[in-house]
Student: 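Submitted below is the structure of interest, expressed as structure tokens.
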Amino acid sequence: MSTTIYDYDGFDDYTSPAREHARVIGTPTTVTGGRFGGRRLLCQAATAMGDYVSRFARSGGTPTLAARCVVQVTNQLARAIYLFDFQNGDGGHVSIRLNPDGSLSALRDAAASGYDFSQGGVGATVLGTSEAGVVGATAVSLQAVVTIHATAGTIDVYVNDTNVLQLTGLNTQNGATASITHLVYGCGYCGPAATAVYFDDLILASDVVGDYRVDSHFPTGDSLDNNFGTPVGGSGTDHYTRVNESPEPDDLTTYVVLSGVGDRETYGHDVLKNAGAPIVDVMAVLDARIEAAGWGSVAASVQVADDHFDSSAQGLSTSIQRFRPRFTVNPATDLAWTEAEFNAMEAGAVKTY
């Protein structure tokens, strides 16, 4: 059975994680220094609980979730750090903890505590621990694959694609539901303020997943065909400058208004940053709202050659919402995107109601 990618994030298109996460605790932010020159997520120990965020993994949940990302820990000092928590709703099933000796532990969360990020492991059960020294001060690729079950749960933890902890036949379930809906990640209960944990190129998948590079591409020019919106704020006549949100959305400072149903805006973008590499998935990231209370909807739109392809329509409110529809294959060919097709494609939005 092939692996399904549920979600991914390179942390390049915002500084505040509140833009894309279900819950944010503390003051995590994105900073420069990502592994390919982009941004990465920084979580620190601003409070005893530390910084962490919760990301929706899959609608309806899944019994097995793989979480992979590049992690770097600096100034860990003497306290263990909770890096991942596999949750159902707001209650935790399994946590992955980095210990001061560089080993990794898997824990079944304490049912009464909700999840270990805020409790420091009080009441949790250690299910297994790797050998020491598997994680140090340099960046590593960390992957945890967890299956939730009351008696047949499994946990596999990989560092740089080497399995450092393999556990089977476990009770990995808290509560009545053997399902994972959210992944919490960050610097949970990590102690001194000097401690910092960096995350980059996060992948959530149905099973073990390889190393992927996640890049953000921003608008660099107006479309030759689709300029039906009205630019607001800023200066000059270009539309794309109002919607280029690098590195942080400016929301209502500059934007483009689509007034009529069918009004469409698409934009050129920078060329593929990882030239020559296969393209596994393309995601359109769109921030939108309606200006006055009422009904309205919008869809992401890509133009390939002379044809338009739109995502499912998304209903709008007067608050800015972020939509992240995916065009996994080239909709004009139903095949994987080629580099030339990606570079020539335009992306934007269309008003659908």
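For this chain, numbers begin at 1 and follow the sequence in order. Being a predicted model, the structure only gives us computed values, none of them experimental.
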Student: Going by the rule ring pair (Phe, Tyr, Trp, His ring centres under 6.0 Å), which residues pair with F56 if we only count those two or more places apart in sequence or in a different chain?
Tutor: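 Per chain and number, F56 pairs via ring pair (Phe, Tyr, Trp, His ring centres under 6.0 Å) with H182.
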Student: Using the ring of Y255 (Phe, Tyr or Trp, six-membered ring only), decide whether R242 places NZ or CZ under 6.0 Å from its centre and within 45 degrees of its axis.
Tutor: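 No, R242 does not sit over the ring of Y255.
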Student: Applying salt bridge (Lys or Arg N to Asp or Glu O under 4.0 Å), which residue pairs with at least one partner in residues 289-315 are found, sequence neighbours left out?
Tutor: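 Sorted result for residues 289-315: R264-D310.
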Student: Out of V282, L335, V304, which residue meets the side-chain contact (heavy atoms from CB on, under 4.5 Å) rule with N330?
Tutor: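 With N330 as partner, V282, L335, V304 yield a single side-chain contact (heavy atoms from CB on, under 4.5 Å), made by V304.
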Student: If the condition is side-chain hydrogen bond (donor to acceptor under 3.5 Å, both in side chains), which residues does S141 pass it with, not counting sequence neighbours?
Tutor: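 S141 satisfies side-chain hydrogen bond (donor to acceptor under 3.5 Å, both in side chains) with R68 only.
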Student: Is the shortest heavy-atom distance from the side chain of L258 to the side chain of V350 under 4.5 Å?
Tutor: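 Of all side-chain heavy-atom pairs linking V350 with L258, none is under 4.5 Å.
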Student: For Y14 and D9, test the side chains for any donor-to-acceptor distance below 3.5 angstrom and give the result as yes or no.
Tutor: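 The answer is yes; a qualifying pair exists.
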Student: Rounded to the nearest 0.5 Å, how far does CG of D251 lie from CG of D287?
Tutor: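 Taking CG in D287 and CG in D251, the distance rounds to 7.0 Å.
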Student: Consider only side-chain N and O atoms of S223 and N227, and report whether a donor and an acceptor are under 3.5 Å apart.
Tutor: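 Side chains of S223 and N227: no pair found under 3.5 Å.
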Student: With no hydrogens and no angle check, do the side chains of D207 and T3 hold a donor and an acceptor under 3.5 Å apart?
Tutor: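 Checked: D207/T3 side chains show no N/O donor-acceptor pair below 3.5 Å.
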Student: Does any pair with a residue in residues 338-353 pass salt bridge (Lys or Arg N to Asp or Glu O under 4.0 Å), and if so which ones, sequence neighbours excluded?
Tutor: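 Not a single pair qualifies under salt bridge (Lys or Arg N to Asp or Glu O under 4.0 Å).
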Student: Is the shortest heavy-atom distance from the side chain of P219 to the side chain of V243 under 4.5 Å?
Tutor: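 Side-chain contact under 4.5 Å: yes.
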Student: Just by distance, with hydrogens left out, do D101 and S103 show a side-chain donor and acceptor under 3.5 Å apart?
Tutor: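 Looking only at side-chain atoms, S103 and D101 do form a donor-acceptor pair, the distance falling under 3.5 Å.
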Student: Could you tell me if the side chain of T181 sits less than 4.5 Å from the side chain of R58, heavy atoms only?
Tutor: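 A side-chain contact under 4.5 Å is absent here.
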Student: Do the charged groups of R35 and D201 touch, with an N to O distance under 4.0 Å?
Tutor: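 Yes, R35 and D201 are salt-bridged.
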Student: Output side-chain donor-acceptor pairs under 3.5 Å for residues 129-138, partner residues at least two apart or in another chain, one line each.
Tutor:
from	atom 1	to	atom 2	distance (Å)
T129	OG1	S105	OG	2.7
S130	OG	L104	N	2.9

Student: Is there a side chain to side chain donor-acceptor pair (under 3.5 Å) between N174 and H93? Walk through the geometry before answering.
Tutor: CA-CA 5 Å; N174 268 333; H93 285 302; 5.3 Å; no
Student: Tell me, please, which residues at least two apart from F199 pass ring pair (Phe, Tyr, Trp, His ring centres under 6.0 Å).
Tutor: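 Partners of F199 under the ring pair (Phe, Tyr, Trp, His ring centres under 6.0 Å) test: Y185.
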Student: Listed by chain and number, what are the ring pair (Phe, Tyr, Trp, His ring centres under 6.0 Å) partners of H269, not counting sequence neighbours?
Tutor: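 Counting only residues at least two positions away or on another chain, H269 forms a ring pair (Phe, Tyr, Trp, His ring centres under 6.0 Å) with F342.
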Student: List for me each residue that meets side-chain hydrogen bond (donor to acceptor under 3.5 Å, both in side chains) alongside D7, sequence neighbours excluded, and say none if there are none.
Tutor: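 D7 satisfies side-chain hydrogen bond (donor to acceptor under 3.5 Å, both in side chains) with R55, R324 once adjacent residues are dropped.
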Student: How far apart are the C-alpha atoms of Q72 and R40, what are their side-chain angles, what is the distance that settles it, and do they pass the side chain to side chain donor-acceptor pair (under 3.5 Å) test?
Tutor: CA-CA 10 Å; Q72 184 175 12; R40 55 182 178 167; 3.0 Å; yes
Student: Given a cutoff of under 4.5 Å between side-chain heavy atoms of I, L, V, M, F, W and Y, with clusters grown through shared members, what are the other residues clustered with W295?
Tutor: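 Other cluster members: Y353.
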Student: How would you list, by chain and number, every residue that makes a side-chain hydrogen bond (donor to acceptor under 3.5 Å, both in side chains) with Q303, sequence neighbours excluded?
Tutor: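 With neighbours one apart ignored, the set is D225, N226, H308.
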Student: Excluding sequence neighbours, so at least two apart, what forms side chain to side chain contact (heavy atoms under 4.5 Å, CB included) with S312?
Tutor: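 Per chain and number, S312 pairs via side chain to side chain contact (heavy atoms under 4.5 Å, CB included) with no residue.
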Student: Of all residues at least two apart in sequence or in a different chain, which pass the side-chain hydrogen bond (donor to acceptor under 3.5 Å, both in side chains) check with T177?
Tutor: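 side-chain hydrogen bond (donor to acceptor under 3.5 Å, both in side chains) check on T177 returns nothing, list empty.
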Student: With distance as the sole criterion, is a donor-acceptor pair present between the side chains of D281 and Y8 under 3.5 Å?
Tutor: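 Indeed, the side chains of D281 and Y8 share at least one donor-acceptor pair under 3.5 Å.
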